[in-house]
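Presented below is the structure to which this report refers.
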Amino acid sequence: MVGNFKMHEWALAEAVLAAASQVVEREGLKVVREVRIRVGELQQVELELFEFALSQLKTDIFKDAKFVVETQRARLKCRVCGYEWVFRKNELDRDSAEAVHFVPEALHAYIKCPKCGSPDFEVVEGRGVWLESIIGVK
Amino acid sequence: MLDPRASIINERLRPVRRIVAVSSGKGGVGKSLVASTLALLLARRSFSVGLFDLDFTSPSTHLILGVDRVQPVEDRGLVPAFVHGLKYMSIVAYSGDRALPLRGADFSNALIELFAVTRWDATDFLVLDMPPGISDAVLDMLRLVERAEFLIVTTSSLLAFETVRKLAELLRGLNVPVLGILENMKMREDDSIKRKVKAIGLPYLGGVPFDPMVEEAIGRVDALLETAFARSLNDVLSRLNLC
């Protein structure tokens with residue numbers, strides 16, 4: 001699948017690099033050693049594709065930087081009864097999983113609190129893609 | 001931790017020449033019909049036009065256009081579907097015909113996500129069908145999307161106008177461009193809304209008469225564009241000098 005540009009991960013990688021470039025400029029970094037990224041499991045980002053996109057899109061300032069991508073479990077909490085649970089991919093059929101891949105909030109159309117049945121839950125963590133830290137030299 | 005998505009939104013929108021946010025203070029003023037018909041009329045004038053339904057919890061433009069769960073194409077992000085001459089984006093592609101209950105933070109997340117990954121490419125006009133009111137969608141637009149110009153829809157009702165006045169006041173206070181206020185579903189000759197709009201110093205874009213044939217034309221674009229409603233909106237568009 002790597003090399004196939006028909007991927008949503010490409011857009012997410014572009015966003016990460018745009019944000020990272022803004023941080024580098026704001027902090028006046030001359031060399032970037034490490035970029036740490038957190039990817040929530042809810043969005044089911046294909047890590048191989050995402051890392052490939054980062055490698056293809058990175059600009060010169062990031063050429064020697066190590067991109068560390070960590071995944072985070074998606075934890076949901078019911079706003080009605082307070083029940084907390086971990087999202088499991090197999091809760092969704094293929095079409096629903098694909099919808100959540102593109103727009104994680106679509107989850108509210110497909111699942112409910114396993115305890116009380118409410119669709120009013122929050123994604124406590126593990127939603128999308130986050131730029132966690134950048135290590136570099138000024 | 002930094003959410004990287006906001007950093008790319010204006011880059012994504014750079015190829016879009018003008019962004020028109022069709023808004024209202026209240027629901028039920030015909031905003032989605034105005035947004036959809038305006039987009040279709042612009043496309044009929046040979047412009048490249050996008051229509052983005054931002055009313056995530058109550059989307060209706062897909063019904064107006066008569067499209068059934070059209071899917072954007074995945075290509076280094078999302079490329080809007082092309083329907084009736086429009087680049088078209090609606091969350092219905094992901095929620096289907098199910099209810100999508102979203103609180104404010106979830107709404108914002110969905111809005112940011114779609115703006116961050118959607119590739120409109122070279123587009124003359126991107127028409128946004130905004131949800132009613134001055135809550136998350138308007139605030140997110142003001143925070144994240146540069147260059148949006150607001151076209152505000154009211155009816156002849158003083159109740160609708162009062163909410164519109166507050167929306168207009170908010171936008172003007174923030175120096176956000178307002179194209180003007182459109183009086184929709186006008187039932188009789190009366191210039192009270194026109195006078196009120198002028199009193200707050202905004203352009204009155206015109207009155208669009210109530211047209212019972214519009215309901216019959218929902219889902220049928222060619223019939224919709226033949227209605228008195230569409231013809232009247234076309235006159236407004238000519239006066240607006242958007243093009």
Side-chain angles (χ1 to χ4, degrees), chain A residues 4-23 25-26 35-40 42-43 49 53 56-57 70 72 79 95-112 118-123 125 127-134, chain B residues 1-14 52-54 56-59 69 71-81 89-121 136-137 140 144:
Chain A
N4 177 359
F5 294 129
K6 290 185 180 302
M7 54 186 179
H8 175 231
E9 282 77 1
W10 190 272
L12 296 174
E14 276 182 323
V16 166
L17 286 168
S21 298
Q22 287 172 10
V23 172
E25 195 175 325
R26 190 177 67 225
V35 179
R36 195 167 280 267
I37 300 158
R38 186 178 295 181
V39 176
L42 183 59
Q43 203 160 9
L49 293 179
Q56 297 297 300
L57 289 164
E70 294 173 335
Q72 182 180 43
R79 287 191 174 101
D95 287 349
S96 314
E98 189 173 298
V100 171
H101 170 64
F102 289 115
V103 186
E105 284 64 40
L107 190 66
H108 290 269
Y110 298 107
I111 71 166
K112 295 180 167 52
S118 171
D120 186 9
F121 57 85
E122 65 178 307
V123 181
E125 61 183 20
R127 181 203 171 279
V129 176
W130 294 85
L131 181 58
E132 193 167 300
S133 64
I134 296 178
Chain B
M1 279 212 297
L2 178 68
D3 181 350
R5 298 170 300 166
S7 306
I8 200 87
I9 288 177
N10 286 298
E11 185 61 32
R12 292 270 186 260
L13 293 171
R14 200 179 302 278
F52 190 177
D53 192 334
L54 291 177
F56 294 156
T57 56
S58 308
R69 200 167 180 170
Q71 292 294 326
V73 176
E74 188 179 7
D75 183 4
R76 292 170 296 157
L78 295 175
V79 176
M89 197 72 175
S90 167
I91 203 161
V92 164
Y94 306 107
S95 59
D97 58 0
R98 292 167 180 247
L100 182 62
L102 296 178
R103 285 181 180 259
D106 296 322
F107 180 94
S108 293
N109 258 323
L111 180 139
I112 294 168
E113 189 77 30
L114 284 173
F115 267 116
V117 302
T118 303
R119 295 177 175 276
W120 295 99
D121 295 333
D136 301 276
D140 282 330
L144 298 166

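Excluded from the calculations below are hydrogen atoms, water molecules and symmetry mates; all remaining heavy atoms, backbone and side chain alike, are included. Chain naming here is simple, since letters A, B, ... match the order of the sequence lines and numbering starts at 1 in each.
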Most heavy-atom pairs under 4.5 angstrom with chain B, which of [options]?
options	value
A:Ala99, A:Pro119, A:Ala15	A:Ala15
A:Gly128, A:Ala13, A:Ala18, A:Ala19	A:Ala19
A:Glu98, A:His108, A:Arg38	A:His108

Might you work through the side-chain contact (heavy atoms from CB on, under 4.5 Å) test for B:Glu113 and A:Val129, ending with a clear yes or no? CA-CA 10 Å; B:Glu113 189 77 30; A:Val129 176; over 6 Å; no
Would a 4.5 Å heavy-atom cut-off, applied to side chains only, mark [X] and [Y] as touching?
X	Y	answer
B:Arg103	A:Glu122	no
A:Trp130	B:Asp3	yes
B:Glu74	A:Glu9	yes

Nearest heavy-atom neighbours spanning A:Leu131 and B:Pro4: N-CD, 4.1 Å
Residues that B:Ser95 engages under side chain to side chain contact (heavy atoms under 4.5 Å, CB included), provided they are two or more places apart: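 By the side chain to side chain contact (heavy atoms under 4.5 Å, CB included) rule, B:Ser95 matches A:Ala109, B:Ile91, B:Leu100.
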Side chain, backbone, both or neither: which part of [X] has a non-hydrogen atom closer than 4.5 Å to chain B?
X	answer
A:Arg36	neither
A:Val23	side chain
A:Glu14	both

Could you measure the distance from the CD1 atom of A:Ile37 to the CG atom of B:Leu2? Nearest 0.5 Å is fine. 11.5 Å
Quick one: pull up CD in A:Glu105 and OG1 in B:Thr57 and give me the separation to the nearest 0.5 Å. 13.0 Å
Residue set satisfying ring-ring contact (aromatic ring centres under 6.0 Å, His included) with A:Phe102, at least two apart, ordered chain then number -> A:His8, B:Tyr94
Please state whether the side chain, the backbone, both or neither of B:Ala99 comes within less than 4.5 Å of a heavy atom of chain A. backbone
